[in-house]
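Notes to accompany the following structure.
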Amino acid sequence: MRQNPDAPSLPTSVSSSVGTRLCLAVMDRRANNNVLGTSAYERGLRATDISIDEQGTGILARGREGITVRAAFIKQTRSGRTRALPAAWSTGQARS
């Protein structure tokens with residue numbers, strides 16, 4: 001996905017066929033709704049509330065429900081291979 005989730009970069013023909021959506025921090029309500037779906041912001045799914053200190057945090061939404069999730073940072077080893085870590089974990093903060 002591009003840096004600015006506006007209508008030209010995220011066409012309706014693509015976004016309407018996606019059942020599960022992940023939105024990292026965005027700057028405004030319009031961008032939030034472009035990624036998470038129409039009226040997501042009004043339903044409380046607000047990626048606009050994610051602070052810069054919460055890197056890797058996003059809103060994972062399926063249908064009208066959503067939850068806050070955080071991705072794990074996978075550090076490179078000296079050999080260049082990655083170590084297996086959990087891909088993501090839930091903060092347990094349901095949003096609807």
Side-chain angles (χ1 to χ4, degrees):
M1 172 178 266
R2 292 177 46 174
Q3 193 73 1
N4 184 14
D6 56 9
S9 66
L10 191 61
T12 305
S13 61
V14 173
S15 64
S16 65
S17 62
V18 177
T20 303
R21 300 161 182 237
L22 174 66
C23 186
L24 301 175
V26 293
M27 298 301 292
D28 59 37
R29 177 183 302 185
R30 178 196 48 80
N32 186 89
N33 286 346
N34 281 343
V35 176
L36 295 174
T38 304
S39 300
Y41 183 90
E42 291 74 16
R43 291 193 316 272
L45 301 175
R46 296 185 177 167
T48 55
D49 293 347
I50 299 170
S51 78
I52 194 163
D53 296 327
E54 298 175 291
Q55 293 181 4
T57 301
I59 305 297
L60 183 66
R62 183 162 177 88
R64 298 180 60 81
E65 302 295 317
I67 189 167
T68 301
V69 296
R70 180 170 294 155
F73 176 73
I74 301 174
K75 188 174 183 176
Q76 291 278 338
T77 63
R78 290 191 324 181
S79 67
R81 296 172 48 166
T82 57
R83 293 179 278 190
L85 294 174
W89 58 272
S90 168
T91 64
Q93 298 174 6
R95 296 180 187 233
S96 57

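- In the hydrophobic cluster analysis, where Ile, Leu, Val, Met, Phe, Trp and Tyr join through side-chain heavy atoms closer than 4.5 angstrom, Ile50 is grouped apart from Tyr41.
- The shortest side-chain heavy-atom distance between Thr20 and Leu60 falls under the 4.5 Å cut-off.
- Annotation for Cys23 and Val35: closest pair CB-CG1, 3.5 Å, computed over non-hydrogen atoms.
- The main-chain N or O of Ala61 is never found under 3.5 Å from a side-chain atom of Arg21 such that the two would form a donor-acceptor pair.
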Apply side-chain contact (heavy atoms from CB on, under 4.5 Å) to the pair Glu42 and Asn33, showing each step before the final yes or no. CA-CA 9 Å; Glu42 291 74 16; Asn33 286 346; 3.5 Å; yes
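- Within the 4.5 Å cutoff, no side-chain heavy atoms of Ile59 are placed close to those of Asn32.
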Report the C-alpha separation of Val69 and Leu22 in whole Å, then their side-chain angles, then the decisive distance to 0.1 Å, and conclude whether the side-chain contact (heavy atoms from CB on, under 4.5 Å) test is met. CA-CA 9 Å; Val69 296; Leu22 174 66; 3.9 Å; yes
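- To the nearest 0.5 angstrom, Thr68 atom OG1 is 9.0 Å from Leu45 atom CG.
- The minimum heavy-atom distance between Thr57 and Arg70, with the atom names listed, is OG1-NE, 3.0 Å.
- Counting heavy atoms of neighbouring residues, nucleotides and ligands inside a 6.0 Å radius, atom CD of Glu54 exceeds 12 of them.
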